[in-house]
Structure formats: C-alpha cells, structure tokens
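Model, not experiment: these values are computed from the prediction. Numbering starts at 1 and runs along the sequence shown.
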Amino acid sequence: MAETKKLTLKEKKALKERLKHLKSGKLEKRYANMGFIFMIPWFIGAAMFLAYPLGSSFWYALNNIRNTPLGQQFTFVGQGNFTNILLQDPDFIVELVDYLTSTIISTPIIVVFALIIAMMLNMKIKGKGFFRLIFFLPVIIVSGPILGMLTAEGAGSVSAIDTQAISSAIGSVLPSMLADPISDVFSNMITTLWYSGVQILIFLSGLQKIDKSMYEAAKIDGGSGWECFWKITLPNLKPMILLNTIYTIVFISSNNQNPIINLIQASMFSGTKEKGYGYASAMAWLYSIVVLVLVGLFALLLMTRKGAYEKQVKRAKKQRKKEARNFKKIERRNRRNAKRIQHQRERGKITTHTTKRDEY
C-alpha cells in the first residue's frame, strides 16, 4: 500500500511538471501583445484614413451620382450599378478575365525569379552591393509616370519578332484562351522583372537570418546543395514566399498600367448618364472582391502544407493536452472517491479493512 502511494505521488509530480510546459507560452503571449501595441498607430490611421473612404465609396456604389452646378446629386439605385457592370458592360468582364489569367501566370514567375536572384546575391561574390543596387534600381526609377512613358515607347516589352517562335509554339499546344496570356507574359517579361526588386530584398533578409550552422550540420551528414535547399532554405523562407506572393498580387492589381484601373478611371470621368462616380465605385468594389479572392486562394495554397517540424510540434501539443485532461480526470476521480469514503466512514458503514481495500 505504501509503495502504491509513493508511485501515485511520483506520477502526480511528473504530470504537474508536464503541465508547467503548457504554461511556457506566456513569453510568446507577451511578445504577441507587444506586437499588437506597435500596431496600434496603424489601426488608428486605418480607422481615420481608410474606413471612412471605404464607407463613402460603398455608398457611392449604391447611387447614381451626377455633377451639377449646385453640387453632386445622388439617386439611389441599389444594386443597379453592379447589375449593369456584370450584365451590360462587356469590357469589364473581358479585362477581368485577362487580369486573372495574367496575374496567375506572372505572380509565380516574379516570386521564383526574385528567389533565384536573392540566393545568388547572398553568395560570397565581389561587388555584391553593386549588384543589389542594379536589381533594386528599377523600383525607384521605373515607377509612376516614368513607367508609363517607358511602356509607351516599348521599352518594357520584347518585340513581336523575338517572341514569335515562343508564341507560335505555345499556340500550337494550348488553346487561345491560355496561349494569349502566356504569350503576353513573355512579351512583357522586362516589365515583369522590373517588379521583383522589393521581393528580392525580402528574400535576402530571410536568407541572412537562416542559421549557417544548419547548413554545416547538413553537409557533415552528407547533404547536397539541392537537399539543403529543399530541407533548410525553402522551409525557412516559407513566410517570405507567402508575403512576396501577396505583395506581388497587390502591386500588379493596383499598378496604373493595369487595364482595369484605367477602365475604372475612364468610367469615373465619363459624361454618360449611366456612368460616373457611382458606377466607377461599384466597378472598383467588384474588382476589389476579385483581388481579395485571388489573394485568399494563393494564401490558402501556401499555408495548407506544413513542414515535418510543424507537424511534430502540433503532435506534441496534442499529447500534452491529452495528458493534462487525463491528469484532471484522475484528480476528479480521486476527489470523488475520497468524499465517498469519508461519507461512508461518518455513517459507520465501512470498516478499516474495507477502507484499505478501496484505497487499493
């Protein structure tokens, strides 16, 4: 009986120590709270300069707005603007399909190109700072009106003669619905690569934070460079890949070279009776919803696959929670048994011999 009590006490101590590990997340919660504190200025700015314009634009989308000498006249039309865009405006649907196809194709190209260049710039080479400047320089120079001027002069695209062989090869394999956007990506390859400067910097910061001892240990174990890339580099850069993918989609979607942006601006300043600020606001809201869905699909695709380490951590957390539940069940059962035995003792229904047997 004494040995049984000692074993039970040891088990309780072991389970209590394991429960302490469940409370080890207090430091992580403290770091998370500090992060939220630093985000408070952004929340205040978003509430002041983002929430009100969004609400105003949605109200505009529900009205037909006419500019008169007496001011703007609002005529409530409800979902009329959205219906006209989806059912009577052929340009918006065509441009939207082209945007989705080109974005889905060009986004992986930009992210993969940025990753390759970042890995090359992270190597020990001479003039590393100069090469970094070359790849980031288009972000500073080729923006706004300058990008529009270069695009108008044809500096951001490859000539049709140079891409004719590629376009004919793609057209012979794929249908025209897919062949045309892919050919446009190849013809606008220069502009596409201009968009990768920020992504290269983000990947560089991620590569420099990877512990070099991990690569040394992998090489000692006989790991090749390809295995180190798949087992060490890529898992550590997974958050950066997600960030760059979302940034690329948002940048392409909000770029002034986007035909849908130009279509919204043309509708805003149109002098026709059907179009105007309300029609353009409804078009912008539909376009925003499509962009959000596209971002969500890419994020879902990149966030669903978990690494082996993440799976082990999740499995360990489940095991700890299970042990905590079992420990609580044991404590509740012991308290119920102690109360029952104490109650029977008070009523004189059990003897000392039966009490020892129950304790066993």
Can you tell if the side chain of [X] reaches within under 4.5 Å of the side chain of [Y], non-hydrogen atoms only?
X	Y	answer
F203	V111	yes
F298	I246	no
M240	L207	no
E331	R335	yes
E95	Y99	no
N84	D89	no
L62	F82	yes
S196	I117	no

Is there a path of hydrophobic side-chain contacts, each under 4.5 Å between heavy atoms of I/L/V/M/F/W/Y residues, joining [Y] to [X]?
X	Y	answer
V94	I264	no
I249	L297	no
F58	V77	no
F269	F74	yes
I210	W226	yes

Atom pair [atom1] ([X]) and [atom2] ([Y]), whose distance is rounded to the nearest 0.5 Å:
X	Y	atom1	atom2	result
F327	R332	CZ	CZ	11.0 Å
T245	Q199	OG1	CD	9.0 Å
I105	L100	CD1	CG	11.0 Å
N255	N262	CG	CG	9.5 Å
E227	D221	CD	CG	10.5 Å
I85	L96	CD1	CG	11.0 Å

Tested for side chain to side chain contact (heavy atoms under 4.5 Å, CB included) against Y247, the lone hit among I110, L242, V198 is V198

Among K318, E323, R325, which one satisfies side chain to side chain contact (heavy atoms under 4.5 Å, CB included) with K321? R325

Pair up each side-chain donor or acceptor in residues 283-296 with any protein partner under 3.5 Å, not counting sequence neighbours, and list the distances.
{"residue": "W285", "atom": "NE1", "partner": "S57", "partner atom": "OG", "Å": "3.1"}
{"residue": "Y287", "atom": "OH", "partner": "S253", "partner atom": "O", "Å": "2.7"}
{"residue": "Y287", "atom": "OH", "partner": "N258", "partner atom": "ND2", "Å": "2.7"}
{"residue": "S288", "atom": "OG", "partner": "A284", "partner atom": "O", "Å": "2.8"}

Which heavy atom of [X] sits nearest to which heavy atom of [Y], and what is that distance?
X	Y	answer
M123	M119	CG-O, 3.3 Å
M214	I232	O-CD1, 3.6 Å
N81	A282	CB-CB, 3.6 Å

Just wondering, are more than 12 heavy atoms of other shown residues or ligands nearer than 6.0 Å to [atom1] in [X]?
X	atom1	answer
Q319	CD	yes
F76	CZ	yes
F229	CZ	yes

Does the side chain of N63 come under 3.5 Å of the side chain of Y277 through a donor N or O and an acceptor N or O? no

Can you list the steps and then say if S254 with I261 is a side-chain contact (heavy atoms from CB on, under 4.5 Å)? CA-CA 7 Å; S254 60; I261 300 295; 5.6 Å; no

Intermediate values then yes/no, side-chain contact (heavy atoms from CB on, under 4.5 Å), N64 and R66: CA-CA 7 Å; N64 186 6; R66 307 300 302 167; 4.1 Å; yes

Derivation of the side-chain contact (heavy atoms from CB on, under 4.5 Å) call for T75 and I65: CA-CA 6 Å; T75 303; I65 303 173; over 6 Å; no

Sub-3.5 Å donor-acceptor pair from the side chain of N122 to the main-chain atoms of A118, do we have one? no

Under 3.5 Å: donor-acceptor pair, side chain of S205, backbone of I202: yes

Checking V112 against I116 for the side-chain contact (heavy atoms from CB on, under 4.5 Å) test, could you report, in this order, the C-alpha distance in whole Å, the side-chain angles of both residues, the deciding distance, and whether it holds? CA-CA 6 Å; V112 172; I116 294 173; 3.9 Å; yes

Can you confirm whether or not the ring centre of F43 sits under 6.0 Å from the ring centre of F36? no

